[in-house]
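Letters go in sequence order (proteins before strands), and every chain restarts at 1.
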Amino acid sequence: MSEGGEMAPNGGAEPSRELYTIPFSSSWFQWNEIHETEKQALPEFFEGVSTTKNPRIYKDYRDFIINKYREDTSKRLTFTEVRKALIGDVSLLHKLFRFLEKWGLINFSAADKPDEKEGQAVQTRVLVEEGPPVGLRVLSAPIPGLPLQGKALDEKKLIGGENSLRLPPLTSYSDIYGEWDPRTGSLCGFCGDRCLAGQYIKMEDGLKVCLKCSKSKNGVKEETTEVKPAAAPAPGPAPEPAPAAAPALASSTAIAAEAPATAPTPAPAPTPTPAPAPAPKPAVIPVPIPTPTPVPSLAWTDSEMLLLLEGVLKHGDDWDLIAQHVRTRNKTECIARLIQLPFGEQIVSPTNGKSVSRFPVTQSKPVEVEVSKEPVEINGEVNGLERTSEEPPSKKSRIASYGSATDSLIKQVALLSTISGPHISAAAADAAIIELCNESVHAREVFDKNKFDAETKSNLSNQEPRSDLDVEGEQPTILPQETETPSNESEEKFTTTAYRIRASVATAIGATAARAKLLADHEEREMEHLMATIIEAQMRKLQFKMNHFAELEAMMDQEYDLLQQQKRYLVREWVSLLRQAFDTGVPRWKENAVPKPSIIRSTP
Amino acid sequence: MKSLSLAGGSGNASSRERASASPSVSSIKFRMPTKESLIPIHLDLDVDGHRYKDAFTWNPHDPDSEVLTFAKRTVKDLKLPPTFVTQISQSIQHQLAEFRSFGGQDMYIQEKLVPLKLDLRVNNTVVRDTFLWDISNFESDPEEFAVTLCNDLDVADPEVAPAIAVAIREQLYEIATQSVSAVKEAKLGKKGRRGYELSKGGNNALDVSKYFGSKGSGVIRKRKDWYMNGPTVDVLTNEEVGTLEELNSRFRRKLDEKEDSFQ
C-alpha cells in the first residue's frame, strides 16, 4: 500500500484515495517516524527490554493497522480483523489498536458502532473498559476537534477517569413508555397502534385498547384477570363484566358509559344489583382467543408490561413462572426489562409474601414493598463484590397506594369502596336506599338531593386527584354528574334500575367516604407523631449543644484563672528581681526605668 | 499539546520485577497473570440424575462466606435439589484451596507468547479461536478481550463473553501453575534455571526469533494464514444443539461404562 499521500488534517478535502482525514490534534503523526506521544502511550515497545517489542515492530504493527483501515475508510475496522493478521500478544495489540482509534488515526470517518443495548449491558458482570489504554492517565486538556459522538464519549471517559465500571445508562422516560408522547394521543395497550379519537375502550386496569383489539383479545384479557391475585371475591367478578360491557356500549363516550357498569359491580354482595352488564355480556365473550404470536420486538407494549409486573408480584423471584406469565418474552428479557425500570430491581423481592399489600389491589401497579435486593445471575458467573442485600428504609408505615393519580375518580371510588368492610357498606347501602325512598319519584328533586348528599360525602373523598385528562376530550367531572346523564337515559328505559344504580352509587360513595375519612385521620395522626419525634430530636440536639457550650465555658474559666495566676507570679518575680538589682546597687536602674504604670496595671 | 503522564504503576512494576539475571525472566509470587486476580472455577456435578455444569470466575480475595451464599443462590435459581448446595460449595472451596496452596510460591514468568485456544459452546453459539497471549503481561484482561471479540463479531448472546473469559483464565491458570512446579523442580536441582527456560511448559510457546528477530519473517502474517488465526463463530439451531448434546451424553455414558467395566 503506497503511502504517497500524507494525512491531511481535518477540515481538508474529501477523503480521496490517498488522503484521508484524521483529527487535527493528531497532526503530529508521521509515517516515517515515531512520535513522543506514541512512545509514551505504549512504553512497552520502547524500553528495549524484550525481543518481541521494539520500535521496528511497533511501526510494523501500526502501519499495518492504519493501512488496513485505509482500504475502506468508511467501514469501521474492528480489532478482531486486525489481530488475526498480526503475530503478537493480543492484549498489547489491543492496547495499540485502542491508542490508534482514540487518536483518530483509524476509524475516524467510519460509521459508529451502535451502543450496546441497555438490557444486555446490565446482565453481564464483565468490566467493560472503554476509553484510553491503561498506560494513559487523564489528560489535562480536552482534545479539540473530536466531532464524532463516539470519540466524544471516549473523551468524557478519558477526562472522568479511566477504568471506571461502565454502568448501564440511566433509564429514561422513553424506555418505560416507549415512544409514547402525550400529544400523540393514546396508544393501544395490545397492538401499540395509535387509538383514534373515541375508538378505544378503557379496560379495567387502565389499559387503553383499540376497538379491534378489545374484540379479539377479550378472551385473553379475561384469562389474565383470572391469574391476578383474587384476594377478594368482590373485585373478582368485577373485571369480567367491565370489559365485556364496555364494547357493547357503542356510544362515543365510551368511558362514561362504562362508569355505571363498573360502579355497581364493586358494591358488595348485599346490594342486589341486577347489573345491566350481564345483558350485553354474552354477545361479546365467545370469541376464540388467538394466542398472541410472540413478536420479538424490542419495545415492550403495555400489556406485556402489565403481565410482567403482575408476574413479579405474584411469583416474586421465580423467573420461569414470570416468563410463562408473559408469554411473549423469555426469561432474560423479562429480567432485563424489569431492571431497567426505575426501582425495577426493588420490585423483585424474595420476601414478597410478607409484604404484599394487605388490601386486594385489583390493579397491578407495583405496590411499595420491602425489598432486599438480590443480584440476578444468568449464567452463574459471580463476582462476590456485587452482592448486596441492602434494605431500603421500610415504607410499611406508609399506606399502600391505592391507585395512582392518573386513574379516574370512578376507579378510585370503586377501589376504595371495595376496601371497606361489609358492615360499613351495608350501612351505607341502607342509608342510601332510605334516602332514595324518601325522595319519591321526582327525578329532579331526587337528583338534587342525592347530589347534595353525595357531594357532601364525596367532598371527603376528594382527596384523590382528579382523573386523567384524556386527549379525547373527556372532562373530569364530579361523579354525580356522570351518573346523571347516563342515568337520565337509562331512566327512560329502566326506571327501577336507575334508582338502584343511584342507590348503589351512593352506597359506594358513602362507603368510600367512611374509609377515606378513616385513612385521613390515620394519616394525620401519623404526621403528628412524626412531627413530635422531629421536634423531640431537635430539642435533644439543642440540649447537647448547650451542654457542650457550658463545658467549654467552664474550661475557659479555668484557663483564665490559670492565666491570672501566671501573671501574678510573673509580677512577683519581676519585683524581686528589681529589688535584687537595687540591692546590688545597679546604677542604671533609673535609666531603664520601667514604667510604673505597667506594674500598677498588672495587679488585678 | 500537554504531555501525558505515564501510568507509573504498570510500567514500573513489571520492570521492577525483572530484576534477575536474565532480563526477561522474573521471579515473582504466584498470581494470575492478568490485571485482575480472578480465578476460574469449574463445576461439574452429577447428583441423582441432575447434572450441573458451570464455569465462572471467582475473586479469591472474597470472604469465604460468599461461597455458601453463592451456592444457595445458584441452587435456588436453577431449581436443583438441595443436596447440591453442599456439593457446590465444597467444590468451590476445594478449587480455592488449591489456588491458595500456590500462593506464596515463586513462579518464573518470562516473556512468552503462548497460543491460547478457544473451543466452546454457549447455548447456541459456538466459538473457535486461537490467538497469542503474552503471559508476562500482567495488565492483560481476558474479560476485555472477550467483550471486544463478542462485539466485533456481533454475538447476540450475552453469556458468550463471560464464557470466553473463563476459558482464557483457565488456560492462563494452567500455565501459571505449571510455571510454579517448574520452579520447584529447578530448585530441587533436577533442572537448571536454564533448563527451565527451554522446557516445554505446557503449550509450546512461540518461537519468537522466527518472527521478531532482525532476520525474522516479520510480524505480519500472510493473508492465507489469517483465517486460521482468526475467530469463527457459529450459531446453531436448536436441533443441532440437541444432536450435539445427545452425542455428548452418549459419549459420556460410554466412558462411564468403560470405567465401570474396569472395576
Atom CG of D134(B) and atom CG of L93(A): how far apart are they, to the nearest 0.5 Å? 10.5 Å
H94(B) NE2: over 12 foreign heavy atoms closer than 6.0 Å: no
Within this structure, what is the CD-OG1 distance for the pair E159(B) and T332(A), rounded to the nearest 0.5 Å? 8.0 Å
At a 4.5 Å cut-off on heavy atoms, which part of K68(A) comes close to chain B: side chain, backbone, both, or neither? side chain
To the nearest 0.5 angstrom, please state how far the CG atom of L153(B) sits from the OG1 atom of T78(A). 7.0 Å
Heavy-atom side-chain contact between T80(A) and P231(B) under 4.5 Å: yes
With a 4.5 Å limit on heavy-atom distance, are the side chains of D141(B) and H94(A) in contact? no
Heavy-atom closest contact (V90(A) atom, F131(B) atom, distance): CG1-CB, 3.6 Å
Side-chain heavy atoms of E144(B) within contact of R98(A), under 4.5 Å: yes
NZ-OG1 distance between K84(A) and T130(B), expressed to the nearest 0.5 angstrom: 13.0 Å
Below 4.5 Å, heavy atoms only, C-beta onward: do S91(A) and W133(B) meet side chain to side chain? yes
I need the minimum non-hydrogen distance between L149(B) and R83(A), along with the two atoms involved. CD1-NH2, 3.5 Å
